[in-house]
Every structure is written in structure tokens, then in C-alpha cells.
Asks: 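Following this message is one structure expressed as C-alpha cells.
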2 protein chains.
Amino acid sequence: MEYMNTAPASSAAAGEPRWLTDEEQRVWRAYVDATTLLEDHLDRQLQRDAGMPHVYYGLLVKLAEAPHRRLRMTELAKDAKITRSRLSHAVARLERNGWVRREDCPSDKRGQFAVLTDEGMEVLRRHAPGHVNAVRQAVFDRLTPEQQKSLGEIMGIVAEGLQPCEAGADLPWLR
Amino acid sequence: MEYMNTAPASSAAAGEPRWLTDEEQRVWRAYVDATTLLEDHLDRQLQRDAGMPHVYYGLLVKLAEAPHRRLRMTELAKDAKITRSRLSHAVARLERNGWVRREDCPSDKRGQFAVLTDEGMEVLRRHAPGHVNAVRQAVFDRLTPEQQKSLGEIMGIVAEGLQPCEAGADLPWLR
DNA sequence: ATCTATTACTTGAACTCTCAAGCTCTACGG
DNA sequence: CCGTAGAGCTTGAGAGTTCAAGTAATAGAT
């Protein structure tokens with residue numbers, strides 16, 4: 001009746017999947033609930049206050065931290081863990097807002113830089129406090145220092161496992 | 001230059017936001033990276049194999065576990081942590097697929113049940129192994145038992161904090 | 001009884017994301 | 001030099017999501 005329950009018996013059948021134990025299920029559901037609620041919460045806060053979803057805000061942040069407030073599209077996509085296509089659409093929108101501007105790459109005529117404008121920088125400055133506050137309230141204020149450390153380690157491991165081999169063949173970016 | 005960095009000095013100005021420390025930032029970025037990559041990974045796996053995104057799969061699971069494979073729309077939305085509007089659209093799609101059917105509630109003419117069809121149950125059965133496998137590979141196989149326990153606790157805390165007060169005024173569900 | 005507030009759910013439009021092409025340019029092998 | 005494979009980025013269409021507004025029925029208050 002369940003979709004991921006304890007195996008009835010450890011039947012060593014080759015094709016038999018290793019179902020999640022009850023405890024694993026609890027963990028997984030907590031994860032799904034928390035991430036769903038949190039992403040929703042942050043999206044709503046930023047949409048209301050800054051007029052953009054969480055991902056877009058993240059893009060502005062990456063640009064703000066980059067050398068000349070500029071990053072090649074592919075770099076930015078990689079940093080933000082999103083596809084190039086998604087980034088193209090996103091930057092188009094941010095450009096319409098006047099927060100980002102595109103610039104041609106001199107050394108490679110195919111290349112494009114996404115550049116954070118002063119206006120974009122200003123938007124970031126204005127709305128960072130609210131965002132940090134939301135993150136703090138939802139996450140850090142509720143966790144002990146040990147839990148925070150744990151969270152960092154765990155998420156680091158998970159992220160690394162899903163990363164496109166880190167400097168190997170960047171398959172997901174070929175999509 | 002950064003959007004959530006260490007405070008320059010602990011200026012006790014009333015409006016001064018409590019920026020994240022470097023370590024908190026590392027944790028937060030790991031969290032964002034991991035959740036982005038994982039959700040993307042699961043969506044892709046389920047879309048490819050089962051023809052639906054992760055959220056939709058989750059809805060079928062909730063229904064499969066419910067008493068008569070049926071749940072009131074609002075209940076289902078609450079369980080899945082999504083808005084009613086999103087659920088309405090989702091169920092409409094799942095209904096077109098023949099995996100879910102709507103039924104009127106006899107005791108409340110406004111109410112609707114979402115009911116998992118046999119076909120829907122079958123889809124779940126067929127694709128559960130692949131999904132469990134993906135989750136296991138990305139998460140559980142990479143974490144020690146202690147880390148798994150930690151993850152469960154931490155995510156439980158975060159989820160609880162964002163929950164609509166649990167049996168209190170369910171504000172988010174009025175939206 | 002009737003009026004109002006609330007609950008339950010849906011709808012449509014605007015926006016975002018994905019997927020599969022597509023275009024242009026670079027790299028490099030002959 | 002070509003010619004072709006691949007890189008870098010964009011595009012359009014379809015699917016999913018959000019937000020604000022809408023319909024219909026119930027619950028309470030008068």
C-alpha cells in the first residue's frame with residue numbers, strides 16, 4: 001500500500017528495490033516538507049518585497065560577487081545550478097527590469113557576459129536585509145550551532161554527489 | 001560587496017540587519033545548491049520515467065496512503081504543502097491522465113475528493129522503485145546513520161517553523 | 001428567515017521553467 | 001584553407017506555478 005516502505009523480507013531478488021525503512025521515510029518526508037515550505041516562503045517574501053523569485057535574487061548575488069560584477073552566461077548557470085536555457089530566460093527578464101545588462105565577450109564572439117547594473121546593485125542592497133532576515137528566522141535562529149554545522153556538511157555531501165563530476169565532463173550543461 | 005556578510009562591526013543600530021557569518025553563509029549556500037540540484041534531479045528522473053514532476057508523484061503517494069485512496073482537496077493541499085490553486089491545476093492534469101478522479105463530497109456540496117484510480121495506483125507501483133532508487137543514491141547512500149538522523153531532526157524543525165501554526169489559524173491556506 | 005462572513009474550490013492571465021531545436025562562432029583535423 | 005564537430009547561447013512552444021478574482025455552499029448572527 002505504501003510507495004516506499006520496508007521490504008517484506010530481504011528477498012534477494014535481483015530486481016527488488018531497496019525500499020526505505022520507516023525511519024528513512026520520516027527523514028525523507030521531513031526533507032521534502034521543509035524544502036517545499038522554505039522555498040515557497042522565500043519566493044513569496046522576495047516576490048512581494050523585491051519583485052522577483054528567489055532564484056533571480058540568487059543570480060544578482062552571484063553577479064555582485066563576481067570580479068567586475070560580470071560573469072559569462074555559462075559560468076553563472078553553473079554557479080547557480082541551473083540550465084543555460086533557464087538562465088537565458090531569467091536574464092532576459094532581469095534585463096527588462098534594468099537590473100542586468102548583457103555584454104558581448106571580446107575574445108569569443110559567441111560569448112555573452114551578464115553584468116549587474118548599478119540599479120541592480122541598488123535593488124540588492126535594498127532587499128538583502130529582508131532576505132537575510134527571512135533566512136535567519138526560518139533556519140538559523142531555530143538550529144543549534146551543532147545542527148548548523150551538520151546541515152552544512154550534509155548538504156555539501158548531497159550537492160557534491162549531484163554535481164556534474166566537478167571539472168570532469170560537464171554533461172548537465174550540454175543540455 | 002556581499003549580500004549577506006559579516007557585520008563590519010557590531011553597530012547596535014536598531015535597523016541594522018544581522019548579516020550571516022561566513023560559516024552561516026557556507027551552510028546556506030550548501031543548502032541552496034543541494035536542494036536545487038536534488039529537486040532538479042528528481043524532477044528529471046520522474047518526468048522521464050513516469051511522465052510527471054516530483055510534486056505530482058507526491059500527490060499520488062499521499063492519495064495511495066489515504067483511507068479509501070481519497071482525500072479532500074484541502075487536506076491533500078495541506079499534506080503536500082502546496083496551495084489549493086496549485087493543487088486544482090495539478091489534479092486537473094492528473095485527471096486528464098486518468099490517474100486521479102474527482103468525486104463530490106456528499107456531506108458538503110462545496111467539497112471535492114481527489115481519488116486515486118487503479119490506473120494511478122499502477123503507475124505508482126511501476127515507478128516507485130526508480131524513484132526510491134534515485135532518492136537512495138542521491139541522499140541515503142551518501143550519509144552516515146548519524147547524519148540521516150540529524151537531517152531528519154533539522155528538517156523537522158525547519159518545516160515546523162514554517163507550518164501554519166499547526167492546528168491554529170491556517171493562514172496560508174486562505175490564499 | 002435572512003444577511004454576512006467564511007470555507008471550499010476553480011479559473012484565467014501572467015510569469016517561469018523545460019525540452020528540443022536552432023543559430024553563430026570556435027577549434028582542429030586533414 | 002576548408003569542413004565539420006562541438007561550444008555558447010537563444011528561442012518557441014508546451015507545461016507548471018502564482019496571484020487575484022470568481023462561484024457556490026456553509027456557518028453564524030440577527
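The model shown is predicted, which means the values in this text are computed figures rather than measured ones. Just so it is clear: chains get the letters A, B, ... in the order the sequence lines come, proteins before strands, and each one is counted from 1.
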Asks: Please pick, from D:dT18, D:dC9, C:dC25, the nucleotide with the shortest atom-to-atom distance to any side-chain atom of B:Thr83.
Replies: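 Of all the options, the side chain of B:Thr83 is nearest to D:dT18.
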
Asks: In terms of ring plane angle, is the pair A:His131 and A:His54 parallel, tilted or perpendicular, where the classes change at 30° and 60°?
Replies: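 Tilted: the ring planes of A:His131 and A:His54 meet at 30° to 60°.
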
Asks: Under 4.0 angstrom, heavy atoms only, what part of the nucleic acid is B:Phe113 near: base, sugar-phosphate, or nothing?
Replies: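 Here B:Phe113 touches no strand at all.
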
Asks: Please give me every residue in residues 46-53 of chain B whose heavy atoms get under 4.0 Å of an atom in DNA chain D, ordered by residue number.
Replies: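 DNA chain D contact set from residues 46-53 of chain B: B:Pro53.
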
Asks: Is it true that A:Lys81 and B:Asp33 have a side-chain N and a carboxylate O under 4.0 angstrom from each other?
Replies: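 Answer for the salt bridge query: yes.
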
Asks: Using a 4.0 Å heavy-atom cut-off, does A:Asp43 contact any base of the nucleic acid, only the sugar-phosphate backbone, or nothing at all?
Replies: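 Nothing, no heavy atom under 4.0 Å.
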
Asks: May I ask you to evaluate whether B:Arg72 reaches the phosphate of C:dC9, defined as a side-chain N or O under 4.0 Å from OP1 or OP2?
Replies: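 It does, given that an N or O in the side chain of B:Arg72 lies less than 4.0 Å from OP1 or OP2 of C:dC9.
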
Asks: Flag the pair B:Arg84 / B:Met73 as yes when at least one side-chain heavy-atom distance between them is below 4.5 Å, and no otherwise.
Replies: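 No, too far: nothing below the 4.5 Å cut-off.
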
Asks: Whole-Å distance between D:dA15 C1' and B:His54 NE2?
Replies: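 Rounding to the nearest Å, NE2 of B:His54 and C1' of D:dA15 are 18 Å apart.
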
Asks: Looking at C:dC17, I'd like to know if its phosphate oxygens (OP1 or OP2) sit under 4.0 Å from a side-chain N or O belonging to A:Arg86.
Replies: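 Looking at the OP1 and OP2 atoms of C:dC17, one of them is under 4.0 Å from a side-chain N or O of A:Arg86.
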
Asks: Select from A:Val55 and A:Lys109 the residue whose nearest nucleotide in DNA chain C is closer to the 5' end of that strand.
Replies: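 Comparing both residues, the 5'-ward one is A:Val55.
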
Asks: Both B:His89 and A:Glu75 contact DNA chain D. Which one's nearest nucleotide lies toward the 5' end?
Replies: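 This one resolves to A:Glu75.
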
Asks: Mind calculating the distance between CZ (B:Arg44) and C1' (D:dA15) to the nearest angstrom?
Replies: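 About 14 Å, once rounded to whole Å.
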
Asks: Could you state the atom-to-atom distance from CG of B:Asp40 to P of C:dT16 in whole Å?
Replies: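 So the CG-P distance, B:Asp40 to C:dT16, works out to 18 Å.
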
Asks: If you pin A:Gln112 and B:Asp108 to their nearest nucleotides in DNA chain D, which one's is more 5'?
Replies: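 In this pair, the answer is A:Gln112.
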
Asks: Starting from P on D:dA21, measure out to CZ on B:Arg84 and report it in whole angstrom.
Replies: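 Those two atoms, CZ and P, are 17 Å apart.
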
Asks: For A:Glu103, enumerate each residue passing the side-chain hydrogen bond (donor to acceptor under 3.5 Å, both in side chains) test, keeping only those at least two apart in sequence or located in another chain.
Replies: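 A:Glu103 satisfies side-chain hydrogen bond (donor to acceptor under 3.5 Å, both in side chains) with A:Arg70, A:Arg101 only.
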
Asks: Is the shortest side-chain N to carboxylate O distance from A:Arg26 to A:Asp22 below 4.0 Å?
Replies: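 Judged by the 4.0 Å cut-off on N to carboxylate O distance, A:Arg26 and A:Asp22 do not form a salt bridge.
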
Asks: Does a side-chain N or O from B:Arg110 land closer than 4.0 Å to OP1 or OP2 of C:dT6, or not?
Replies: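 No, outside the criterion.
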
Asks: Picking from C:dA20, D:dT26, C:dC17, which would you name as closest to the side chain of A:Ser85?
Replies: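 When the side chain of A:Ser85 is considered, C:dA20 is the closest of C:dA20, D:dT26, C:dC17.
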
Asks: Does the pair A:Arg18/B:Asp141 count as a salt bridge with the N-to-O cut at 4.0 Å?
Replies: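 Counted as a salt bridge, because a side-chain N and a carboxylate O are separated by less than 4.0 Å.
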
Asks: How many whole angstroms separate atom NZ of A:Lys78 from atom C1' of D:dG8?
Replies: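 So the NZ-C1' distance, A:Lys78 to D:dG8, works out to 11 Å.
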
Asks: Quick check on contacts: within residues 93-104 of chain A, what sits under 4.0 Å from DNA chain D by heavy-atom distance?
Replies: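 Within this stretch, A:Arg102 sit under 4.0 Å of the strand.
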
Asks: Starting from C1' on D:dT18, measure out to CD1 on B:Ile82 and report it in whole angstrom.
Replies: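 Nearest whole value for this atom pair: 12 Å.
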
Asks: Would you indicate whether the side-chain heavy atoms of A:Leu60 and A:Met52 approach each other to under 4.5 Å?
Replies: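 Counting from C-beta outward, A:Met52 and A:Leu60 do come under 4.5 Å.
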
Asks: Is A:Arg125 salt-bridged to A:Glu122, cutoff N-O under 4.0 Å?
Replies: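 Salt bridge: yes.
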
Asks: What's the OH-C1' distance between A:Tyr56 and D:dT18, to the nearest Å?
Replies: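 That distance rounds to 13 Å.
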
Asks: Atom CE of B:Met73 to atom P of D:dA24: distance rounded to whole Å?
Replies: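 The distance from CE of B:Met73 to P of D:dA24 comes to 18 Å, rounded to the nearest Å.
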
Asks: With the side chain counted from C-beta on, respond yes when A:Leu71 and A:Phe113 share a heavy-atom pair under 4.5 Å apart, and no when they do not.
Replies: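 When only atoms from C-beta onward are counted, A:Phe113 and A:Leu71 do not touch, as no gap falls below 4.5 Å.
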
Asks: Do B:Lys149 and A:Glu23 meet the salt-bridge criterion of a basic N to acidic O distance under 4.0 Å?
Replies: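 No salt bridge links A:Glu23 with B:Lys149.
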
